[in-house]
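Quick notes on the structure that follows.
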Number of protein chains: 4
Amino acid sequence: MSPRVSKEHLKQRRADIMEAATKVFIEHGYEHTTMKHIMEAAGVSRGGLYQYFSNKEDLFEALLEEGLSEEAITTGVSLEKGGSHWTLLMQLMFGEDGNPDTEMDPLAPSKLEFFITGRNDMRRRAYGEKRYEKGLQIYNEIIKAGQESGEFSDHYDSELIARSLITFVDGLALDHAILPEEKVKLKEQSALFVDYLKMALGVSSSS
Amino acid sequence: MSPRVSKEHLKQRRADIMEAATKVFIEHGYEHTTMKHIMEAAGVSRGGLYQYFSNKEDLFEALLEEGLSEEAITTGVSLEKGGSHWTLLMQLMFGEDGNPDTEMDPLAPSKLEFFITGRNDMRRRAYGEKRYEKGLQIYNEIIKAGQESGEFSDHYDSELIARSLITFVDGLALDHAILPEEKVKLKEQSALFVDYLKMALGVSSSS
Amino acid sequence: MSPRVSKEHLKQRRADIMEAATKVFIEHGYEHTTMKHIMEAAGVSRGGLYQYFSNKEDLFEALLEEGLSEEAITTGVSLEKGGSHWTLLMQLMFGEDGNPDTEMDPLAPSKLEFFITGRNDMRRRAYGEKRYEKGLQIYNEIIKAGQESGEFSDHYDSELIARSLITFVDGLALDHAILPEEKVKLKEQSALFVDYLKMALGVSSSS
Amino acid sequence: MSPRVSKEHLKQRRADIMEAATKVFIEHGYEHTTMKHIMEAAGVSRGGLYQYFSNKEDLFEALLEEGLSEEAITTGVSLEKGGSHWTLLMQLMFGEDGNPDTEMDPLAPSKLEFFITGRNDMRRRAYGEKRYEKGLQIYNEIIKAGQESGEFSDHYDSELIARSLITFVDGLALDHAILPEEKVKLKEQSALFVDYLKMALGVSSSS
DNA sequence: GATGAATGAGGCTTCATTCAT
DNA sequence: AATGAATGAAGCCTCATTCAT
């Protein structure tokens, strides 16, 4: 008997499940999604699902990692291109084009859920912290680099600005998760925050 | 064990349950708290608990309302005193003393949970929106009044600033929920945000 | 202190509860009626209710007894009047006027429920049998008397006819409980059954 | 204890549960039967039971349908044989042999319960009506055919007779449910009812 | 590898009945 | 007598996870 499925197919199957799961998590949220939902959306059997992911948490974390690596790639690419640090910051916050009118990650609400509801679970908490640190570091490095290169003012501590930036993004995601699309004023709030960042980093308004 | 007496004692019992429930919700979060936890913490029987609150949601909303009325009182008091609008704003954000070193509401993480995990439930969503609108209005009115009195610049729309303020507070609560106490730098971030507000409202740094 | 309530009032209170309970049982049926329903309908407190009736079963049986005594009265009155046995039979089956277009006892469905769902309870079962026997006896006596007086044919055993009569009435009540008003054809079915009775009892069609 | 194998075995398992459930329903009646009773009788776990039937109502309806299809088969066979319409009617009422001494369906009391206690539930009520109509139709067709062929008198409306037939059967089932075996006089009452039918259909006594 | 039946812990809620006041 | 808070047994149902085939 030759192996029924090649390794490639396995990867594909895993990817398919993750894609289906993403849709389900977006629709029902983390807590209210059941393994059955995912099974059905992915067209996998119960046992099949558990072959790829040992539980819901594991599956969701895979989704989280995937998102992270995408971001990393984006960042990496941008770093090579060598625009200004400010441009880089904007790209990191708002995606490729660096404009604050981008759609929000539709999985974001579920991500928040995942970490909030799991805040009492040691493992999950540690994982959340690691993620936060990673994100913080990326922003911090750029800001620090910008300060060192003289592009940014060093009036404020780079890490503090990085933290605030994350806080703002998190707050926006939260409100976006809870309020109807039209009420969050994503774009306007982002623009206001960017104005503030310019001030805090001493960037002229001409960007 | 036995029926308590009349009127006042009932209120007390209800309050006791709410107090116990608050502790439980703080410890386990909204989703992971069960009615049994609350029963045991409050020393009530199953049926007794359901006599006061018809389900977990109902109970939690009672907690939310309670918090709201407390805030309202605070606000009311402050409004009468008639300090500057800026002082008022600071008091509203950081409590009586208006200093950004206050403790955060320990129930805040569960509140976020409540609204995030319930974002697909029509009733809950509507309730969340109403709450948001209420909060928004309070901040907005103060800012608008400040703008009209000339105390604040009207460079930015008052409502947009109010929204950003809420977004920041929400973001901070979120991070606080997820990260260990020492990492959030509540005080420093708050101070930075105050600077942000000063910029947006054109308030001089001498406050 | 004089007694707050006279004995008369107590009787009245009891009667009020029974009246309210009747309405509730008609609306919800026996099984699905709760003591709370009755309390509320009667405007009595929980404890008050239990002072008059020690449980749901007890209360319902009081209702049953009441119905029985009413019937007895009716019968009694009729017996005195001394019409024909046939007229008596018709009055017993269809009420005062002896016409088969009368409304059905609205509590009948709940009565059926009471005895069906309780058929495995010794006490209830015995009670049901006693009631059946009582009813059977009444019909049987009239039929037997009619047969002895020569008004009825004695081709069939009087008791058997009495039983069949009850079976038919029960069946009709059952269908009436389950089917919509217009589908049971109460009147027509009754007329047909009366025709049959005439035949079985050798009564001429001129009644 | 462990998963059974494929396809056929599943049907078997389902059938086993239904068989066990039937016993339980016969013993405790519909309302007083709990899913736990059934679980235990069938040797299935809670979840296992719910895999086959989503609740008690669903399970019971499966039992009802099963009974229906059995009847249908019986009827089908009989129709092919092409005896007299009268014979057919007797077979339908009293089973294959057409003699009124057959045992009664032991599940009948629970069936009555099911429809009586559920009479205020829209879904259940509609289901009950549908069943009634189906039964009515079968009897009606035979009677009508008999009338058209001249075997039966058409003095009475065929549908009315069909209804009365059902009413009688229901009444008998009811009494049988409530009274001890020996008191119902099933056989005698049935014989009397057959006379009733003969009268209504103008059938000579020689059957 | 895949399947999906089976498990059983765990949560929610209702309601008859009791009993201190 | 009347009140109604409190009790707790009893039911229902869901769902993550296991495991024989």
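So you know, we letter chains A, B, ... as the sequences are listed, proteins then strands, and number each from 1. Predicted model, so just to flag it, every value in this text is computed and none were measured.
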Nearest listed nucleotide, side chain of B:N55, among F:dT17, E:dT13, F:dA2
E:dT13
With pairs taken as Watson-Crick or G-U wobble and both distances under 3.5 angstrom, which stems of at least three consecutive pairs involve DNA chain F?
E:2-21 with F:2-21
Flag for B:E113-A:T117: side-chain donor and acceptor within less than 3.5 Å
no
When you measure from the side chain of B:S45, which nucleotide among F:dT7, E:dA2, F:dT3 comes out closest?
F:dT7
Can you find a donor-acceptor N/O pair under 3.5 angstrom joining the side chain of C:R46 to the base of E:dT17?
yes
At under 4.0 Å between heavy atoms, what does D:Y52 touch on the DNA or RNA strands: base, sugar-phosphate, or nothing?
sugar-phosphate
Would C:R13 and C:Y52 count as a cation-pi pair here, with the cationic atom under 6.0 angstrom from the ring centre and within 45° of the axis?
no
So, using ring pair (Phe, Tyr, Trp, His ring centres under 6.0 Å) as the criterion, who are the partners of A:H37 when residues are at least two apart?
A:H28
Taking the six-membered ring of D:F114, is NZ or CZ of D:R124 closer than 6.0 Å to its centre and within 45° of its axis?
yes
Counting side-chain heavy atoms from CB outward, which of F:dA6, E:dT13, E:dT3 is closest to A:V44?
E:dT3
Side chain of B:Y50 only, please: which of E:dT18, F:dA16, E:dT13 is the nearest?
E:dT13
Looking at C:Y30, I'd like to know if the NZ or CZ of C:K56 sits under 6.0 Å from its six-membered ring centre while staying within 45 degrees of the ring's axis.
yes
Taking only the side-chain heavy atoms of A:K56 (C-beta and beyond), determine which of F:dA16, E:dT17, F:dT14 contains the nearest atom.
F:dA16
Taking the basic N atoms (NZ, or NE/NH1/NH2) and the acidic carboxylate oxygens, is any pair closer than 4.0 Å for D:R123 and D:E61?
yes
Sugar-phosphate only, base, or nothing, as touched by A:R13 at under 4.0 Å among non-hydrogen atoms:
sugar-phosphate
In whole angstrom, what separates C:E40's CD from E:dC15's C1'?
13 Å
Spacing between D:E57 atom CD and F:dG11 atom C1', to the nearest angstrom
15 Å
Name the closest nucleotide to the C:M35 side chain, picking from E:dA16, E:dA5, F:dA5.
E:dA16
